[in-house]
Protein chains: 2
Amino acid sequence: MTPPRDAYHHGDLRNALVASAVRLIEAGGPSAFSLREAAREVGVSANAAYRHFDDKSALITAVAADGFARLAERMRRAMASASAHRGGEPASIARFKAAGGAYVGFAVDHPEIFRAMFGECGAECRSATPENEETETSWTLLGQALDALVADGFLRPERRVGAELKVWTVVHGFASLSLDGLTAAPTQRERKAALEALLDFTVVGLCGDLPTAG
Amino acid sequence: MTPPRDAYHHGDLRNALVASAVRLIEAGGPSAFSLREAAREVGVSANAAYRHFDDKSALITAVAADGFARLAERMRRAMASASAHRGGEPASIARFKAAGGAYVGFAVDHPEIFRAMFGECGAECRSATPENEETETSWTLLGQALDALVADGFLRPERRVGAELKVWTVVHGFASLSLDGLTAAPTQRERKAALEALLDFTVVGLCGDLPTAG
DNA sequence: GCCTAATGTTGACACTGTGAACTTCCGCTG
DNA sequence: CAGCGGAAGTTCACAGTGTCAACATTAGGC
(Lines give C-alpha, C1' and ligand atoms only; values in the text may rest on other atoms or scores of the structure.)
Protein backbone atom coordinates (compact mmCIF):
# COMPACT_ATOMS: atom_id res chain seq x y z
CA MET A 1 0.00 0.00 0.00
CA THR A 2 2.68 2.48 1.00
CA PRO A 3 5.60 2.22 -1.40
CA PRO A 4 9.03 2.07 0.29
CA ARG A 5 9.82 5.63 1.07
CA ASP A 6 12.91 6.80 -0.74
CA ALA A 7 12.11 10.43 -1.26
CA TYR A 8 12.75 12.94 1.46
CA HIS A 9 9.20 14.12 1.23
CA HIS A 10 6.58 11.52 1.87
CA GLY A 11 3.96 12.96 -0.41
CA ASP A 12 0.89 12.10 1.60
CA LEU A 13 2.03 11.98 5.16
CA ARG A 14 -1.16 13.32 6.63
CA ASN A 15 -3.34 10.56 5.28
CA ALA A 16 -0.70 7.94 5.95
CA LEU A 17 -0.55 9.00 9.58
CA VAL A 18 -4.31 8.91 9.94
CA ALA A 19 -4.42 5.44 8.38
CA SER A 20 -1.69 4.23 10.69
CA ALA A 21 -3.45 5.73 13.68
CA VAL A 22 -6.67 4.00 12.69
CA ARG A 23 -4.86 0.68 12.57
CA LEU A 24 -3.16 1.19 15.91
CA ILE A 25 -6.29 2.39 17.65
CA GLU A 26 -8.33 -0.40 16.14
CA ALA A 27 -5.77 -2.86 17.45
CA GLY A 28 -5.24 -1.64 20.97
CA GLY A 29 -7.65 1.12 21.78
CA PRO A 30 -7.04 4.87 21.92
CA SER A 31 -4.79 4.55 24.95
CA ALA A 32 -2.43 2.06 23.31
CA PHE A 33 -1.54 4.46 20.55
CA SER A 34 1.41 6.77 20.39
CA LEU A 35 2.39 9.45 17.96
CA ARG A 36 5.88 8.05 17.77
CA GLU A 37 4.67 4.56 16.92
CA ALA A 38 2.45 5.86 14.14
CA ALA A 39 5.37 7.84 12.76
CA ARG A 40 7.60 4.79 13.01
CA GLU A 41 5.06 2.70 11.14
CA VAL A 42 4.94 5.24 8.36
CA GLY A 43 8.73 5.40 8.35
CA VAL A 44 9.09 8.98 9.32
CA SER A 45 10.57 10.85 12.27
CA ALA A 46 8.34 11.49 15.26
CA ASN A 47 8.22 15.23 14.87
CA ALA A 48 7.24 15.10 11.23
CA ALA A 49 3.70 14.65 12.42
CA TYR A 50 3.76 18.14 13.84
CA ARG A 51 3.83 19.58 10.33
CA HIS A 52 0.32 18.20 9.85
CA PHE A 53 -1.19 18.10 13.32
CA ASP A 54 -0.98 20.50 16.21
CA ASP A 55 -1.14 17.74 18.70
CA LYS A 56 -1.38 14.08 19.40
CA SER A 57 -5.04 14.71 20.11
CA ALA A 58 -5.42 16.49 16.77
CA LEU A 59 -4.45 13.26 15.06
CA ILE A 60 -7.01 11.35 17.09
CA THR A 61 -9.54 14.00 16.14
CA ALA A 62 -8.78 13.30 12.50
CA VAL A 63 -9.33 9.59 13.14
CA ALA A 64 -12.64 10.42 14.76
CA ALA A 65 -13.69 12.58 11.83
CA ASP A 66 -12.89 9.76 9.48
CA GLY A 67 -14.97 7.48 11.67
CA PHE A 68 -17.96 9.79 11.50
CA ALA A 69 -17.75 9.86 7.74
CA ARG A 70 -17.62 6.07 7.56
CA LEU A 71 -20.50 5.77 9.99
CA ALA A 72 -22.68 8.05 7.90
CA GLU A 73 -21.76 6.16 4.77
CA ARG A 74 -22.70 2.89 6.38
CA MET A 75 -26.05 4.26 7.51
CA ARG A 76 -26.71 5.61 4.04
CA ARG A 77 -26.00 2.26 2.46
CA ALA A 78 -28.09 0.34 4.97
CA MET A 79 -31.08 2.60 4.51
CA ALA A 80 -30.88 2.38 0.75
CA SER A 81 -30.66 -1.39 0.76
CA ALA A 82 -33.50 -1.62 3.28
CA SER A 83 -35.78 0.19 0.86
CA ALA A 84 -35.00 -2.44 -1.72
CA HIS A 85 -35.64 -5.74 0.05
CA ARG A 86 -37.63 -5.32 3.22
CA GLY A 87 -39.50 -8.28 4.66
CA GLY A 88 -43.12 -7.32 4.47
CA GLU A 89 -42.52 -4.33 6.71
CA PRO A 90 -43.58 -0.84 5.68
CA ALA A 91 -40.70 0.87 3.90
CA SER A 92 -40.40 3.73 6.38
CA ILE A 93 -40.14 1.40 9.34
CA ALA A 94 -37.66 -0.84 7.57
CA ARG A 95 -35.48 2.15 6.74
CA PHE A 96 -35.70 3.44 10.26
CA LYS A 97 -34.59 0.13 11.71
CA ALA A 98 -31.84 -0.17 9.13
CA ALA A 99 -30.44 3.17 10.22
CA GLY A 100 -30.37 2.12 13.84
CA GLY A 101 -28.89 -1.24 13.00
CA ALA A 102 -26.14 0.36 10.97
CA TYR A 103 -25.21 2.64 13.84
CA VAL A 104 -24.88 -0.24 16.25
CA GLY A 105 -23.20 -2.36 13.63
CA PHE A 106 -20.50 0.23 13.11
CA ALA A 107 -19.90 0.53 16.82
CA VAL A 108 -19.59 -3.21 17.23
CA ASP A 109 -17.35 -3.64 14.19
CA HIS A 110 -15.05 -0.77 15.12
CA PRO A 111 -15.33 -0.48 18.89
CA GLU A 112 -12.13 1.43 19.46
CA ILE A 113 -12.76 3.88 16.67
CA PHE A 114 -16.23 4.40 18.04
CA ARG A 115 -14.73 5.09 21.45
CA ALA A 116 -12.34 7.58 19.91
CA MET A 117 -15.22 9.29 18.15
CA PHE A 118 -16.99 9.85 21.44
CA GLY A 119 -13.93 10.44 23.56
CA GLU A 120 -12.62 13.87 24.39
CA CYS A 121 -10.61 14.18 21.19
CA GLY A 122 -13.65 13.57 19.04
CA ALA A 123 -15.52 16.46 20.59
CA GLU A 124 -14.80 18.92 17.81
CA CYS A 125 -16.24 16.53 15.26
CA ARG A 126 -19.49 16.31 17.14
CA SER A 127 -20.28 19.98 17.52
CA ALA A 128 -22.73 20.88 14.80
CA THR A 129 -20.78 23.61 13.08
CA PRO A 130 -22.20 24.48 9.66
CA GLU A 131 -19.04 23.19 8.02
CA ASN A 132 -19.12 19.89 9.82
CA GLU A 133 -21.17 18.29 7.10
CA GLU A 134 -20.00 14.74 7.71
CA THR A 135 -20.79 14.87 11.39
CA GLU A 136 -24.18 16.27 10.79
CA THR A 137 -24.96 13.60 8.32
CA SER A 138 -25.79 10.68 10.57
CA TRP A 139 -28.07 12.99 12.53
CA THR A 140 -29.59 14.14 9.26
CA LEU A 141 -30.11 10.60 8.03
CA LEU A 142 -31.96 9.82 11.23
CA GLY A 143 -34.11 12.86 10.62
CA GLN A 144 -34.98 11.64 7.14
CA ALA A 145 -36.00 8.26 8.52
CA LEU A 146 -38.24 9.97 11.06
CA ASP A 147 -39.78 12.23 8.45
CA ALA A 148 -40.65 9.15 6.47
CA LEU A 149 -42.38 7.70 9.51
CA VAL A 150 -44.48 10.86 9.69
CA ALA A 151 -45.23 10.77 5.97
CA ASP A 152 -46.39 7.17 6.22
CA GLY A 153 -48.70 8.06 9.09
CA PHE A 154 -46.89 6.08 11.78
CA LEU A 155 -45.57 9.02 13.73
CA ARG A 156 -47.99 11.80 14.54
CA PRO A 157 -46.52 15.17 13.55
CA GLU A 158 -46.88 16.66 17.02
CA ARG A 159 -44.63 13.88 18.29
CA ARG A 160 -42.01 14.51 15.70
CA VAL A 161 -40.17 17.19 17.65
CA GLY A 162 -37.34 15.82 19.75
CA ALA A 163 -37.64 12.40 18.18
CA GLU A 164 -34.05 12.43 16.91
CA LEU A 165 -32.70 12.74 20.41
CA LYS A 166 -34.78 9.84 21.63
CA VAL A 167 -33.75 7.53 18.85
CA TRP A 168 -30.14 8.58 19.05
CA THR A 169 -30.24 7.96 22.76
CA VAL A 170 -31.49 4.42 22.34
CA VAL A 171 -29.12 3.54 19.58
CA HIS A 172 -26.10 5.15 21.13
CA GLY A 173 -26.92 3.65 24.50
CA PHE A 174 -27.15 0.18 23.06
CA ALA A 175 -23.92 0.63 21.18
CA SER A 176 -22.14 1.84 24.30
CA LEU A 177 -23.43 -0.97 26.44
CA SER A 178 -22.54 -3.49 23.79
CA LEU A 179 -18.96 -2.26 23.80
CA ASP A 180 -18.55 -1.56 27.45
CA GLY A 181 -20.24 -4.80 28.23
CA LEU A 182 -22.75 -4.57 30.96
CA THR A 183 -23.93 -7.75 29.36
CA ALA A 184 -20.97 -10.10 29.22
CA ALA A 185 -20.10 -10.51 25.53
CA PRO A 186 -23.29 -11.97 24.08
CA THR A 187 -23.17 -13.75 20.79
CA GLN A 188 -23.82 -11.82 17.63
CA ARG A 189 -27.11 -13.66 17.34
CA GLU A 190 -28.23 -12.57 20.80
CA ARG A 191 -27.21 -9.03 20.17
CA LYS A 192 -29.16 -8.96 16.95
CA ALA A 193 -32.27 -10.20 18.74
CA ALA A 194 -31.82 -7.65 21.52
CA LEU A 195 -31.37 -4.88 19.01
CA GLU A 196 -34.49 -5.93 17.14
CA ALA A 197 -36.50 -5.90 20.36
CA LEU A 198 -35.04 -2.54 21.21
CA LEU A 199 -35.97 -1.02 17.88
CA ASP A 200 -39.51 -2.29 18.23
CA PHE A 201 -39.59 -0.78 21.70
CA THR A 202 -38.39 2.47 20.20
CA VAL A 203 -41.09 2.53 17.57
CA VAL A 204 -43.74 1.91 20.19
CA GLY A 205 -42.29 4.61 22.42
CA LEU A 206 -42.31 7.08 19.55
CA CYS A 207 -45.56 6.22 17.86
CA GLY A 208 -47.59 4.33 20.44
CA ASP A 209 -49.78 5.21 23.38
CA LEU A 210 -50.34 3.91 26.85
CA PRO A 211 -53.37 1.65 27.02
CA THR A 212 -56.19 3.23 28.95
CA ALA A 213 -54.78 2.89 32.44
CA GLY A 214 -57.29 1.93 35.07
CA MET B 1 -8.18 15.97 55.92
CA THR B 2 -4.96 13.96 55.75
CA PRO B 3 -2.79 14.83 58.72
CA PRO B 4 0.79 15.74 57.79
CA ARG B 5 2.50 12.46 57.33
CA ASP B 6 5.36 11.97 59.76
CA ALA B 7 5.38 8.21 60.17
CA TYR B 8 7.16 6.00 57.71
CA HIS B 9 3.99 4.06 57.18
CA HIS B 10 1.03 5.98 55.93
CA GLY B 11 -1.59 3.91 57.61
CA ASP B 12 -4.26 4.07 54.96
CA LEU B 13 -2.42 4.56 51.71
CA ARG B 14 -4.80 2.56 49.61
CA ASN B 15 -7.82 4.69 50.36
CA ALA B 16 -5.78 7.87 50.27
CA LEU B 17 -4.58 7.01 46.77
CA VAL B 18 -8.07 6.23 45.58
CA ALA B 19 -9.35 9.51 47.00
CA SER B 20 -6.53 11.40 45.36
CA ALA B 21 -7.17 9.65 42.08
CA VAL B 22 -10.85 10.53 42.29
CA ARG B 23 -9.96 14.19 42.74
CA LEU B 24 -7.48 14.20 39.89
CA ILE B 25 -9.76 12.35 37.50
CA GLU B 26 -12.69 14.54 38.46
CA ALA B 27 -10.55 17.57 37.70
CA GLY B 28 -8.98 16.64 34.41
CA GLY B 29 -10.41 13.39 33.15
CA PRO B 30 -8.92 9.92 33.21
CA SER B 31 -6.19 10.88 30.77
CA ALA B 32 -4.92 13.79 32.86
CA PHE B 33 -4.15 11.57 35.79
CA SER B 34 -0.84 10.02 36.67
CA LEU B 35 0.18 7.56 39.30
CA ARG B 36 3.10 9.74 40.26
CA GLU B 37 0.94 12.80 40.73
CA ALA B 38 -1.47 10.92 42.97
CA ALA B 39 1.45 9.64 45.02
CA ARG B 40 2.88 13.14 45.23
CA GLU B 41 -0.44 14.51 46.43
CA VAL B 42 -0.58 11.91 49.15
CA GLY B 43 3.02 12.65 50.03
CA VAL B 44 4.44 9.28 49.22
CA SER B 45 6.93 7.94 46.72
CA ALA B 46 5.66 6.90 43.32
CA ASN B 47 6.35 3.22 43.76
CA ALA B 48 4.57 2.97 47.07
CA ALA B 49 1.37 2.62 45.08
CA TYR B 50 2.60 -0.71 43.77
CA ARG B 51 2.20 -2.21 47.24
CA HIS B 52 -1.55 -1.70 46.88
CA PHE B 53 -2.23 -1.83 43.16
CA ASP B 54 -0.80 -4.03 40.45
CA ASP B 55 -1.04 -1.29 37.93
CA LYS B 56 -1.99 2.23 37.13
CA SER B 57 -5.13 0.78 35.63
CA ALA B 58 -5.82 -1.15 38.81
CA LEU B 59 -6.03 2.15 40.64
CA ILE B 60 -8.45 3.47 38.07
CA THR B 61 -10.43 0.28 38.46
CA ALA B 62 -10.69 1.02 42.18
CA VAL B 63 -11.93 4.51 41.35
CA ALA B 64 -14.52 2.99 39.05
CA ALA B 65 -15.66 0.55 41.72
CA ASP B 66 -16.07 3.43 44.13
CA GLY B 67 -18.10 5.21 41.47
CA PHE B 68 -20.41 2.26 41.00
CA ALA B 69 -21.04 2.14 44.73
CA ARG B 70 -21.84 5.84 44.84
CA LEU B 71 -24.11 5.54 41.81
CA ALA B 72 -26.09 2.75 43.42
CA GLU B 73 -26.36 4.69 46.65
CA ARG B 74 -27.68 7.71 44.79
CA MET B 75 -30.27 5.64 42.97
CA ARG B 76 -31.35 4.05 46.22
CA ARG B 77 -31.82 7.44 47.84
CA ALA B 78 -33.67 8.90 44.88
CA MET B 79 -36.07 5.98 44.72
CA ALA B 80 -36.76 6.15 48.42
CA SER B 81 -37.45 9.85 48.36
CA ALA B 82 -39.63 9.50 45.28
CA SER B 83 -41.90 7.14 47.18
CA ALA B 84 -42.33 9.84 49.79
CA HIS B 85 -43.33 12.90 47.81
CA ARG B 86 -44.40 12.18 44.29
CA GLY B 87 -46.54 14.63 42.39
CA GLY B 88 -49.80 12.86 41.79
CA GLU B 89 -48.03 10.12 39.84
CA PRO B 90 -48.44 6.46 40.71
CA ALA B 91 -45.73 5.42 43.13
CA SER B 92 -44.23 2.80 40.88
CA ILE B 93 -43.86 5.20 37.98
CA ALA B 94 -42.41 7.89 40.20
CA ARG B 95 -39.85 5.48 41.57
CA PHE B 96 -38.99 4.27 38.12
CA LYS B 97 -38.38 7.78 36.88
CA ALA B 98 -36.41 8.64 39.99
CA ALA B 99 -34.07 5.74 39.34
CA GLY B 100 -33.45 6.89 35.79
CA GLY B 101 -33.02 10.48 36.86
CA ALA B 102 -30.48 9.52 39.49
CA TYR B 103 -28.44 7.58 36.94
CA VAL B 104 -28.26 10.52 34.60
CA GLY B 105 -27.74 12.92 37.49
CA PHE B 106 -24.72 11.01 38.65
CA ALA B 107 -23.25 10.96 35.18
CA VAL B 108 -23.74 14.70 34.76
CA ASP B 109 -22.39 15.55 38.19
CA HIS B 110 -19.34 13.32 37.88
CA PRO B 111 -18.70 13.08 34.16
CA GLU B 112 -15.09 11.99 34.38
CA ILE B 113 -15.74 9.37 37.02
CA PHE B 114 -18.59 8.09 34.90
CA ARG B 115 -16.27 7.87 31.94
CA ALA B 116 -13.75 5.97 34.04
CA MET B 117 -16.48 3.57 35.15
CA PHE B 118 -17.29 2.73 31.55
CA GLY B 119 -13.78 2.95 30.20
CA GLU B 120 -11.53 -0.03 29.74
CA CYS B 121 -10.28 0.01 33.33
CA GLY B 122 -13.79 -0.16 34.73
CA ALA B 123 -14.53 -3.35 32.86
CA GLU B 124 -13.87 -5.66 35.77
CA CYS B 125 -16.37 -3.77 37.90
CA ARG B 126 -19.09 -4.26 35.34
CA SER B 127 -18.90 -7.99 34.88
CA ALA B 128 -21.62 -9.52 36.99
CA THR B 129 -19.51 -11.75 39.17
CA PRO B 130 -21.41 -13.03 42.19
CA GLU B 131 -19.09 -11.06 44.49
CA ASN B 132 -19.55 -7.82 42.64
CA GLU B 133 -22.49 -6.83 44.80
CA GLU B 134 -22.08 -3.10 44.37
CA THR B 135 -21.96 -3.29 40.62
CA GLU B 136 -24.95 -5.51 40.47
CA THR B 137 -26.89 -3.16 42.65
CA SER B 138 -27.87 -0.45 40.21
CA TRP B 139 -29.03 -3.16 37.84
CA THR B 140 -30.92 -4.75 40.72
CA LEU B 141 -32.51 -1.46 41.70
CA LEU B 142 -33.73 -1.05 38.17
CA GLY B 143 -35.19 -4.53 38.35
CA GLN B 144 -37.08 -3.64 41.51
CA ALA B 145 -38.53 -0.56 39.89
CA LEU B 146 -39.69 -2.66 36.94
CA ASP B 147 -41.20 -5.29 39.20
CA ALA B 148 -43.19 -2.54 40.88
CA LEU B 149 -44.49 -1.46 37.46
CA VAL B 150 -45.69 -5.01 36.93
CA ALA B 151 -47.26 -5.19 40.38
CA ASP B 152 -49.12 -1.95 39.75
CA GLY B 153 -50.45 -3.26 36.48
CA PHE B 154 -48.61 -0.86 34.21
CA LEU B 155 -46.25 -3.36 32.68
CA ARG B 156 -47.71 -6.60 31.42
CA PRO B 157 -45.76 -9.58 32.80
CA GLU B 158 -44.96 -11.01 29.39
CA ARG B 159 -43.21 -7.75 28.58
CA ARG B 160 -41.15 -7.82 31.72
CA VAL B 161 -38.36 -9.93 30.28
CA GLY B 162 -35.54 -7.89 28.85
CA ALA B 163 -36.96 -4.67 30.19
CA GLU B 164 -33.85 -3.90 32.25
CA LEU B 165 -31.71 -3.80 29.14
CA LYS B 166 -34.09 -1.43 27.41
CA VAL B 167 -34.27 0.98 30.29
CA TRP B 168 -30.55 0.79 30.92
CA THR B 169 -29.97 1.48 27.26
CA VAL B 170 -32.07 4.61 27.29
CA VAL B 171 -30.67 5.96 30.51
CA HIS B 172 -27.08 5.15 29.69
CA GLY B 173 -27.45 6.51 26.21
CA PHE B 174 -28.80 9.78 27.45
CA ALA B 175 -26.06 10.05 30.04
CA SER B 176 -23.39 9.37 27.43
CA LEU B 177 -24.79 11.86 24.97
CA SER B 178 -25.13 14.45 27.70
CA LEU B 179 -21.44 14.09 28.54
CA ASP B 180 -20.08 13.60 25.09
CA GLY B 181 -22.27 16.37 23.84
CA LEU B 182 -23.97 15.63 20.63
CA THR B 183 -26.19 18.41 21.81
CA ALA B 184 -23.96 21.38 22.58
CA ALA B 185 -24.07 21.83 26.35
CA PRO B 186 -27.76 22.48 27.02
CA THR B 187 -28.78 24.19 30.22
CA GLN B 188 -29.66 22.07 33.19
CA ARG B 189 -33.28 23.09 32.68
CA GLU B 190 -33.30 21.87 29.09
CA ARG B 191 -31.64 18.64 30.02
CA LYS B 192 -34.20 18.03 32.73
CA ALA B 193 -37.04 18.55 30.26
CA ALA B 194 -35.40 16.26 27.73
CA LEU B 195 -34.88 13.61 30.34
CA GLU B 196 -38.49 13.85 31.46
CA ALA B 197 -39.67 13.43 27.87
CA LEU B 198 -37.32 10.53 27.43
CA LEU B 199 -38.58 8.74 30.52
CA ASP B 200 -42.16 9.16 29.35
CA PHE B 201 -41.11 7.79 25.99
CA THR B 202 -39.54 4.85 27.80
CA VAL B 203 -42.67 4.10 29.77
CA VAL B 204 -44.74 4.15 26.61
CA GLY B 205 -42.23 1.94 24.84
CA LEU B 206 -42.32 -0.55 27.67
CA CYS B 207 -45.98 -0.51 28.58
CA GLY B 208 -47.74 0.92 25.57
CA ASP B 209 -48.99 -0.38 22.25
CA LEU B 210 -49.04 0.83 18.72
CA PRO B 211 -52.39 2.37 17.84
CA THR B 212 -54.36 0.19 15.47
CA ALA B 213 -52.32 0.78 12.34
CA GLY B 214 -54.31 1.21 9.19
C1' DG C 1 12.75 -8.96 72.21
C1' DC C 2 13.65 -10.75 67.80
C1' DC C 3 12.20 -12.15 62.98
C1' DT C 4 9.38 -11.77 59.29
C1' DA C 5 6.51 -9.81 56.21
C1' DA C 6 4.25 -5.69 54.93
C1' DT C 7 5.00 -1.19 53.63
C1' DG C 8 7.87 2.74 51.61
C1' DT C 9 12.15 4.49 49.39
C1' DT C 10 15.74 5.29 45.90
C1' DG C 11 17.73 4.60 41.45
C1' DA C 12 17.27 3.28 36.91
C1' DC C 13 15.25 2.32 32.27
C1' DA C 14 12.61 2.70 28.23
C1' DC C 15 9.13 5.29 26.48
C1' DT C 16 6.17 9.24 25.64
C1' DG C 17 4.71 14.21 23.86
C1' DT C 18 6.67 18.22 22.47
C1' DG C 19 9.86 22.51 21.67
C1' DA C 20 13.98 24.51 19.02
C1' DA C 21 17.26 24.57 15.58
C1' DC C 22 18.82 22.58 11.39
C1' DT C 23 18.40 20.28 6.53
C1' DT C 24 16.37 19.02 2.29
C1' DC C 25 13.76 19.79 -1.52
C1' DC C 26 9.45 21.50 -4.34
C1' DG C 27 7.68 25.22 -6.98
C1' DC C 28 7.66 29.89 -8.20
C1' DT C 29 9.69 34.33 -9.74
C1' DG C 30 13.23 36.91 -12.07
C1' DC D 1 17.61 28.41 -16.03
C1' DA D 2 19.37 30.40 -11.35
C1' DG D 3 18.06 31.09 -7.08
C1' DC D 4 15.30 31.60 -3.32
C1' DG D 5 11.41 31.13 0.11
C1' DG D 6 8.79 28.24 2.53
C1' DA D 7 6.84 23.66 3.23
C1' DA D 8 8.06 19.17 4.86
C1' DG D 9 11.37 16.24 7.55
C1' DT D 10 15.31 15.58 10.69
C1' DT D 11 17.98 15.56 14.89
C1' DC D 12 18.77 16.91 19.62
C1' DA D 13 17.00 17.84 23.99
C1' DC D 14 13.92 17.88 28.02
C1' DA D 15 10.56 16.98 31.34
C1' DG D 16 7.20 13.40 32.61
C1' DT D 17 5.44 8.88 32.80
C1' DG D 18 4.81 3.66 34.17
C1' DT D 19 7.34 0.16 36.02
C1' DC D 20 11.33 -3.02 37.63
C1' DA D 21 14.92 -4.25 41.12
C1' DA D 22 17.22 -3.64 45.24
C1' DC D 23 17.20 -1.59 49.60
C1' DA D 24 15.24 0.54 54.18
C1' DT D 25 11.99 0.82 57.81
C1' DT D 26 8.71 -0.60 60.82
C1' DA D 27 4.49 -3.12 62.90
C1' DG D 28 3.06 -7.28 65.08
C1' DG D 29 3.13 -12.23 66.16
C1' DC D 30 6.18 -15.98 68.22
Side-chain angles (χ1 to χ4, degrees), chain A residues 2-25 27-64 112 116 119-124, chain B residues 2-25 27-64 112 116 119-124:
Chain A
T2 22
R5 200 171 80 86
D6 45 346
Y8 185 91
H9 287 84
H10 179 284
D12 194 19
L13 223 199
R14 199 199 137 94
N15 288 339
L17 282 174
V18 172
S20 177
V22 167
R23 273 198 305 278
L24 290 173
I25 290 180
S31 67
F33 150 75
S34 78
L35 248 189
R36 287 174 118 107
E37 173 99 13
R40 228 173 285 139
E41 215 180 86
V42 174
V44 102
S45 95
N47 285 14
Y50 284 85
R51 294 289 150 188
H52 302 272
F53 302 97
D54 283 353
D55 246 354
K56 173 188 188 178
S57 71
L59 213 189
I60 301 184
T61 300
V63 170
E112 306 299 349
E120 41 189 342
C121 296
E124 307 167 34
Chain B
T2 22
R5 198 169 81 85
D6 45 347
Y8 187 90
H9 287 84
H10 179 283
D12 194 18
L13 222 200
R14 199 200 139 94
N15 288 339
L17 281 175
V18 172
S20 178
V22 167
R23 272 197 307 278
L24 290 174
I25 290 180
S31 67
F33 151 75
S34 77
L35 246 188
R36 286 174 117 109
E37 173 100 12
R40 228 174 285 138
E41 216 180 84
V42 174
V44 101
S45 96
N47 285 7
Y50 283 86
R51 296 291 151 187
H52 302 271
F53 302 96
D54 282 352
D55 246 359
K56 174 188 188 177
S57 71
L59 213 189
I60 301 184
T61 299
V63 169
E112 305 300 350
E120 39 189 345
C121 297
E124 308 168 32

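Numbered from 1 within each chain, the chains take letters A, B, ... in sequence-line order.
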Side-chain donor-acceptor contacts of residues 52-64 of chain A below 3.5 Å, not counting sequence neighbours, with atom names and distances?
| unit_1 | atom_1 | unit_2 | atom_2 | d |
| --- | --- | --- | --- | --- |
| A:D55 | OD2 | A:S57 | OG | 3.3 |
| A:K56 | NZ | A:F33 | O | 3.1 |
| A:T61 | OG1 | A:S57 | O | 2.8 |
| A:T61 | OG1 | A:C121 | O | 2.7 |

request  = Applying side-chain contact (heavy atoms from CB on, under 4.5 Å), name anything that partners A:A46, two or more places apart in sequence or on another chain.
outcome  = A:R36
ask   = To the nearest Å, how far apart are A:N47 CG and C:dT24 C1'?
value = 16 Å
task = Provide, to the nearest angstrom, the distance between the CZ atom belonging to B:F53 and the C1' atom belonging to D:dT19.
result = 16 Å
inquiry  = Going by the rule salt bridge (Lys or Arg N to Asp or Glu O under 4.0 Å), which residues pair with B:R14 if we only count those two or more places apart in sequence or in a different chain?
reply    = none
ask   = Rounded to the Å, how far apart are B:F33 CZ and D:dG18 P?
value = 7 Å
query = Taking only N and O in the side chain of A:S45, is any of them less than 4.0 Å away from OP1 or OP2 of D:dT11?
reply = no
key: Inter-residue atom distance B:N15.CG - B:S20.OG, 0.5 Å rounding   = 12.5 Å
query = Side chain of A:S34: nearest nucleotide among D:dT10, D:dT17, C:dT16?
reply = C:dT16
ask   = Could you state the CG-C1' distance from A:L24 to C:dT16, rounded to the nearest angstrom?
value = 14 Å
For A:N47, side-chain hydrogen bond (donor to acceptor under 3.5 Å, both in side chains) partners two or more places apart = none
request  = Can you check whether any acceptor in the base of D:dG16 is under 3.5 Å from a donor in the side chain of B:R36, or vice versa?
outcome  = no
request  = Specify the separation, in whole Å, of atom CZ of B:R40 and atom C1' of C:dG8.
outcome  = 17 Å
inquiry  = For a quick check of understanding: with a heavy-atom distance under 4.0 Å over all strands, which category does B:R14 fall into, base, sugar-phosphate or nothing?
reply    = nothing
inquiry  = Can you pull out the residues from residues 55-63 of chain A that lie within a 4.0 Å heavy-atom distance of DNA chain C?
reply    = A:D55, A:K56
request  = Measure the distance from CD on A:E37 to C1' on C:dC15 and round it to the nearest whole Å.
outcome  = 11 Å
Under 3.5 Å between N/O atoms: give me all the protein pairs with nucleotides 4-7 of chain D, atom names plus distance.
none

ask   = What's the spacing between B:L24 CG and B:R40 CZ if we round to 0.5 Å?
value = 9.5 Å
B:H52 vs C:dA6: side-chain N/O to OP1/OP2 distance below 4.0 Å = no
remark   = Those residues at least two apart in sequence (or on a different chain) that pass side-chain contact (heavy atoms from CB on, under 4.5 Å) with A:A39 are A:V44
key: For atom OH of A:Y50 and atom P of C:dG17, their distance in whole Å   = 7 Å
Partner residues of B:R51 under the salt bridge (Lys or Arg N to Asp or Glu O under 4.0 Å) criterion, sequence neighbours left out = none
ask   = Once you round it to whole Å, what is the distance between P of C:dT9 and CG of B:L13?
value = 8 Å
Set of residues satisfying side-chain hydrogen bond (donor to acceptor under 3.5 Å, both in side chains) with respect to B:S31, sequence neighbours excluded = A:E120
